[in-house]
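What follows is a set of notes on a single structure, which appears directly below.
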Amino acid sequence: MPIRNTLRRHASRPQLLLAVLFAGALLAAPGVHAAPGSEASRFHDDARSRLARNDAAGAVVQAQNALQKEPGLLAAQVLLGQALLKDGQAAAAEAQFEKALQKGARLEDVALPYGQALMMFGNSEKLLQRIPADGLPPTLRAEVLAMRATAHADLGDMPAAFRAVQQARAADIRSLSPLRAEIDLSLRQRDGARARQALAAALAMAPGDAQLLHLQGAMLQGAGDASAALAAFARALAADPQLVDAMIARASLLIDLQRFDEAMADLQRAAALTRREPRVAYLKSLVLAARGDAAGSRAQLEEVTRLVDALPEAFIARQPPLLMLGSLASQATGRSERARVLLELYVLRLPGEPAGRKLLANLYLAAGNSARVADLLEPLLRAGDPDPQVFTTLAAMRMQQGRFREAAEALEAAARAGGATPGLTAQIGFARIGNQQSEQGLALLRQAFEQNPGQLPVGTALATLLLRRGDAAGALRLAEALVRQRPDEPAAHNLLGVVRAANRQPDAARSAYNRALALAPALLPAQLNLARLDAAEGRGDAARRRLGDLLRKDGGQVQALTELGRLDRAAGRLAEARPLLEKAHKLAPADQAAGTELLALYQQLGDAPAALRVARQLAQARPDDPALLEALGRAHHAVGERAQAWAAFAKLARQAGGDAERLVAVGALQLFAGDGGGAAASAEKALAARPGHLPAATLQVEAELAAGALERAEALQAAFARRTGNGAEARRLAGDIAMRRGQPGAALAAYRAGFERAPSSALAMRAFAAAFKAGQGAEGVSLIDAWLRRQPDDLAARAALAEGSLRLDRLPAARAAYELLLAREPGNANAANNLAQVLLRQNDARALPMAERAVSLAPDNADALDTLGWLRARSGALEGGVKALREARQRAPESRDIRYHLAWALHRSGQRDAARSELAAALGGRGPFDSEAEARHLRRELGV
């Protein structure tokens, strides 16, 4: 259901069911009034007069003055409560009415305004306890019973609510309040016939009542009779020119009719009459959006969230219109979690209302919580609701779950309910492709395109899909057909450029991008694509010039800054990339592309605190984004904030709901962060959702292993091995358990057996580590080498080969491996540092420049600083060497080798006392110490 229709349905409900006559005569017991002519009496009379003129604030002041002069003046006490209520201060009004009752005021004097104050804050239970209807005069009894009917309904007891309405009508057949209550209750239950019948009865009694005419207009609006609804709203406002509800309802209808200027006039009048009205702000946001004022629209949406959030939760929870408004505005401003909370309350309050269920289902769908989506849609499907949106949401959920056949069936049901459109046909095609029915799926996509060959989104989707399938030629034919259909559409030419680039036709791609720019010179995707094409052709300088031109025209162009930063980062120019990406992120803190690129840069630089700052900012802007939650958890882990990392990953697990694949992925992150218990829980949830799911069973073993429950892990591994025929994964798990038991030889045998059955990077890397632990490093290097012959692009394995060769003193092989790594990853600081060490051991003069390169790539990396400082000191540049080594020591004071290197450099520079101190720390420390023999020799030199 469109947002405007949702608002229209709920805006018809009056804010309260009773109209309180604030300036009416008070029924007071003897002694309530002040002595005529007294100062208290004058203040009291002035307060009444001000209230009659709608000067609620002035009435409050004068009623307080009257009470200050005469504290026992009940009339002023009650009047103060009425004025506070009129001024929107319901809690303060409630307190004044209770004081009046304590001082002896009769219930009938305050029943209506007291009840209204209670209702404004959702205190339905208190209203039913404190304001009984028994013993009241018939007219007042009818009013109170109508009010109690609303309280019963707010508590979910609709039978009691309708009984109270019938009792109210019996108490006073001329009272409008019971009929108003019946209209409200009927609308809550979606009983339009009963609501219309009650409204007709009320209008027969009071044909000129403004509130009733407003309700009539709202019902006509809901029935789709716009002209009759406008006439009814006009009659309501003629009867009461200050009826804000009618102004708002008419504005909503005028927006639907795209009569935005008239709608804004009504909204401006309503805003002048009432403060803190979120409906006005929301409708203004729609008008501003229609006028193209995105900033103004967002400001109004933020005002809606501010107004709703300022209200007490207990009150909001019982006001469906406010819940709906708050959720829509929160979602539009990126506060998905707040939108979810409000929509949950809305569905709880109105469980039979489809709009709330569908909106909430889509929120959960975006969060990947398939189980909750199914819960929300199931009652609508059971009721036989033919709404296509229900079926399309169901289809999206099935697509998320990988249940493509059921997704296609749901989409076909949507097409039957609402008619087949090219868009639906295309979605069915995607579902068929997901269900391994590739030919049917592509046929449907082509059918959708043929039904409307000028429809750019369908053509773009089909071309993209064909590219992913490797059918670049088919994508090219389609893109060319789209351009023929829409020769003046810049985006179509841009798509043609992308497809031609995929067909390895760079010149033709460039021509298409240039044509797109001729049609739309400011088309940013085409400009960026040209820069990417330059970079792909090895013309990095041309790409930089093109991006630089964009930035000279608009220095705040975030995408251009990001693309230029990405280009520099890929080339290993980290110092140049940093200011560009930092500027892009500063300009658009919520931009995911800029933020994630900066995050990757900081991680590459080894600047974990900066990476965490960026991850926090991104997650704050989009707190429910799974990719950003993962980045946040990893960033917390990198700085040692284990509890925060666990919390981020636990939230990811909650979002996964019953999705087994996602739960396994989250469990792997929890293992990465050391949260064995959390990983075990994720594995159990995944297995409950999909019994026998092998990745979840694998995770379960790993989680128990991480938690130190070796016997439990062994039992689970044995069951897994039986179920899988003791395949490669079972043997990998057996190897992991052996490693934890301190049996590297047994682990190596298990990994080797698994690798022989199904070679993989994971088994090769594990076998490598176990081999060195078992003193069989040469075999580990041999296994890695065998794997690289299969997968030469596995850079992690290539790094392991380099490290193993270095550890085995196979310097030429280590050097070749590190040089290849750097050719593939120019920004790899660890590879540069390790290559510098290899060159040092080979007495190659290029060791120092390579060490300087490593530090430029990772200026805060202690190992890189140590290598550079040691090389400088060894070459005689003692001052520079000591400086770098001191920085390395500061970043890694526990490293015994760094402290030895610093001691050696200090000794050579004549600082013998400082050298002795550093050497003592190195020899007295704990942990690995490769330079221990050299350190003992230095101790003899220093005479320690």
Quiz item: Between Gln644 and His637, does any side-chain donor sit less than 3.5 Å from a side-chain acceptor?
Solution: no
Quiz item: Judged by atom type as modelled, is there a donor-acceptor pair below 3.5 Å linking the side chain of Ser856 to the main-chain atoms of Arg853?
Solution: yes
Practice problem: Kindly indicate whether the side chain of Leu822, heavy atoms from C-beta on, has any atom under 4.5 Å from the side chain of Met850. | Solution: yes
Exercise. Please round to the nearest 0.5 Å and tell me the distance separating atom OH of Tyr513 and atom CG of Leu495.
Key: 9.0 Å
Quiz item: How long is the span from the CD atom in Glu887 to the CG atom in Leu902, to the nearest 0.5 Å?
Solution: 11.5 Å
Practice problem: Could you check Asp866 against His901 for side chain to side chain donor-acceptor pair (under 3.5 Å), going step by step and ending with a plain yes or no? | Solution: CA-CA 8 Å; Asp866 175 48; His901 291 155; 2.8 Å; yes
Quiz item: So does Glu941 pair up with Arg912, basic N to acidic O under 4.0 Å?
Solution: no
Quiz item: Do the non-hydrogen side-chain atoms of Arg569 and Arg578 ever get within less than 4.5 Å of each other?
Solution: no
Quiz item: Does some side-chain heavy atom of Leu550 sit less than 4.5 Å from a side-chain heavy atom of Leu528?
Solution: yes
Quiz item: Distance-only, no hydrogens or angles: does the Tyr751 side chain make a donor-acceptor pair with backbone N or O of Met765 under 3.5 Å?
Solution: no
Quiz item: What distance separates Arg824 CZ from Asn828 CG, expressed to the nearest 0.5 Å?
Solution: 12.5 Å
Quiz item: For Leu671, does its backbone N or O pair with a side-chain atom of Asp675 as donor and acceptor, under 3.5 Å?
Solution: no
Quiz prompt | By side chain to side chain contact (heavy atoms under 4.5 Å, CB included) - contacts of Leu848 (at least two apart) | solution = Glu852, Leu868, Leu871, Arg872
Exercise. Run the ring-centre check on Phe772 versus Phe768 and record whether the distance is less than 6.0 Å.
Key: yes
Exercise. Tell me, with the steps shown, if Leu763 and Arg752 meet side chain to side chain contact (heavy atoms under 4.5 Å, CB included).
Key: CA-CA 8 Å; Leu763 282 165; Arg752 188 192 306 113; over 6 Å; no
Quiz item: Closest heavy-atom contact between Trp787 and Ala764?
Solution: CB-CB, 3.9 Å
Practice problem: Could you give me the CA-CA distance, side-chain angles and deciding distance for Leu601 and Glu597, then say whether side chain to side chain contact (heavy atoms under 4.5 Å, CB included) is met? | Solution: CA-CA 6 Å; Leu601 173 68; Glu597 194 67 30; over 6 Å; no
Quiz item: How many angstroms lie between atom CD of Glu934 and atom NE2 of His937, to the nearest 0.5 angstrom?
Solution: 9.5 Å
Quiz item: Can you tell me if Gln670 and Ser682 form a side-chain donor-acceptor pair at under 3.5 Å?
Solution: yes
Self-check item: From His585, Glu582, Gln603, residue fulfilling side-chain contact (heavy atoms from CB on, under 4.5 Å) relative to Val614
Solution: His585
Exercise. Report the C-alpha separation of Arg732 and Asp736 in whole Å, then their side-chain angles, then the decisive distance to 0.1 Å, and conclude whether the salt bridge (charged side-chain N to carboxylate O under 4.0 Å, His left out) test is met.
Key: CA-CA 6 Å; Arg732 194 265 298 171; Asp736 289 351; 2.8 Å; yes
Practice problem: Ignoring hydrogens and angles, state whether a donor on the side chain of Asn861 or Asn833 is under 3.5 Å from an acceptor on the partner side chain. | Solution: no
Quiz item: Counting only N and O atoms by type, is there a donor-acceptor contact under 3.5 Å from the side chain of Asp844 to the main-chain atoms of Ala847?
Solution: no
Exercise. Using distance alone, with no hydrogens and no angle criterion, decide if Gln837 and Thr867 have a side-chain donor and acceptor under 3.5 Å apart.
Key: yes
Quiz item: Of all heavy-atom pairs between Ala851 and Ala836, which one has the smallest distance, and what is that distance?
Solution: N-CB, 3.6 Å
Self-check item: Leu857 to Pro826 - nearest heavy-atom pair and separation
Solution: CD1-O, 3.6 Å
Quiz item: Residues two or more places apart in sequence or in another chain: which of them pass side chain to side chain contact (heavy atoms under 4.5 Å, CB included) with Leu612?
Solution: Arg616, Leu632, Ala635, His636, Val639, Glu641
Quiz item: Would you find a donor on one side and an acceptor on the other, under 3.5 Å apart, between the side chain of Arg766 and the backbone of Gly735?
Solution: no
Self-check item: Beyond-backbone contact of Leu878 with Leu906, side-chain heavy atoms, under 4.5 angstrom
Solution: no
Exercise. Determine, stepwise, if the pair Thr596 / Leu628 fulfils side chain to side chain contact (heavy atoms under 4.5 Å, CB included).
Key: CA-CA 8 Å; Thr596 52; Leu628 296 181; 4.2 Å; yes
Quiz item: Has Gln890 got more than 12 heavy atoms of other residues, nucleotides or ligands less than 6.0 Å from its CD?
Solution: no
Practice problem: Find out whether Leu561 and Leu581 are in side-chain contact, i.e. whether some heavy atom of one side chain is under 4.5 Å from a heavy atom of the other. | Solution: no
Practice problem: Verify the distance criterion only: is there a donor paired with an acceptor across the side chains of Gln527 and Arg546 at less than 3.5 Å? | Solution: no
Quiz item: Atom CG of Leu783 and atom CD of Glu779: how far apart are they, to the nearest 0.5 Å?
Solution: 5.5 Å
Exercise. Looking only at non-hydrogen atoms, find the nearest pair between Asp568 and Ala577 and report the distance.
Key: CB-CB, 3.8 Å
Quiz item: According to the interplanar angle, ranging from 0 to 90°, do the rings of Trp904 and Trp870 count as parallel (below 30°), tilted (30 to 60°) or perpendicular (above 60°)?
Solution: perpendicular
Can you list, pair by pair, the side-chain donor-acceptor contacts under 3.5 Å of residues 920-933, counting residues two or more places apart and other chains?
from   : atom 1 : to     : atom 2 : distance (Å)
Ser931 : OG     : Asp897 : OD1    : 2.7
Glu932 : OE2    : Arg936 : NH2    : 2.8

Quiz item: Is Glu537 paired with Arg510 through a side-chain N to carboxylate O contact shorter than 4.0 Å?
Solution: yes
Exercise. State the CG-CD distance between Leu551 and Gln559, to the nearest 0.5 angstrom.
Key: 11.5 Å
Quiz item: When you measure from the side chain of Asn503 to the backbone N and O of Ala472, does any donor-acceptor pair fall under 3.5 Å?
Solution: yes
Quiz item: Hey, are the side chains of Tyr818 and Leu806 touching, using non-hydrogen atoms and a 4.5 Å cut-off?
Solution: yes
Quiz prompt | SB check Arg545 Asp534 (cutoff 4.0 Å) | solution = no
Exercise. Check Thr562 against Ala584 and note the closest heavy-atom contact, atom names and distance.
Key: OG1-CB, 3.7 Å
Quiz item: Within a reach of under 6.0 Å around CZ of Arg642, are more than 12 heavy atoms found that belong to other residues, nucleotides or ligands?
Solution: no
Quiz item: What do the steps show when you test Asp507 against Arg500 for salt bridge (charged side-chain N to carboxylate O under 4.0 Å, His left out), and what is the final call?
Solution: CA-CA 9 Å; Asp507 293 339; Arg500 282 176 171 171; over 6 Å; no
Quiz item: Does CD belonging to Glu879 count more than 12 external heavy atoms closer than 6.0 Å?
Solution: no
Practice problem: State, with a plain yes or no, whether a side-chain heavy atom of Trp646 is found less than 4.5 Å away from one of Lys651. | Solution: no
Quiz item: Please walk me through it: do Asn494 and Asn529 pass side chain to side chain contact (heavy atoms under 4.5 Å, CB included)?
Solution: CA-CA 8 Å; Asn494 183 61; Asn529 281 333; 2.9 Å; yes
Quiz item: Can you find a pair of side-chain heavy atoms, one from Arg899 and one from Leu919, that are under 4.5 Å apart?
Solution: no
Quiz item: Does Arg790 CZ have over 12 foreign heavy atoms under 6.0 Å away?
Solution: no
Quiz item: Is it true that the side chains of Asp554 and Gln557 contain a donor and an acceptor less than 3.5 Å apart?
Solution: no
Quiz item: Taking all atoms of both residues into account, what is the closest heavy-atom pair of Leu587 and Gly556, and its distance?
Solution: CD1-CA, 3.4 Å
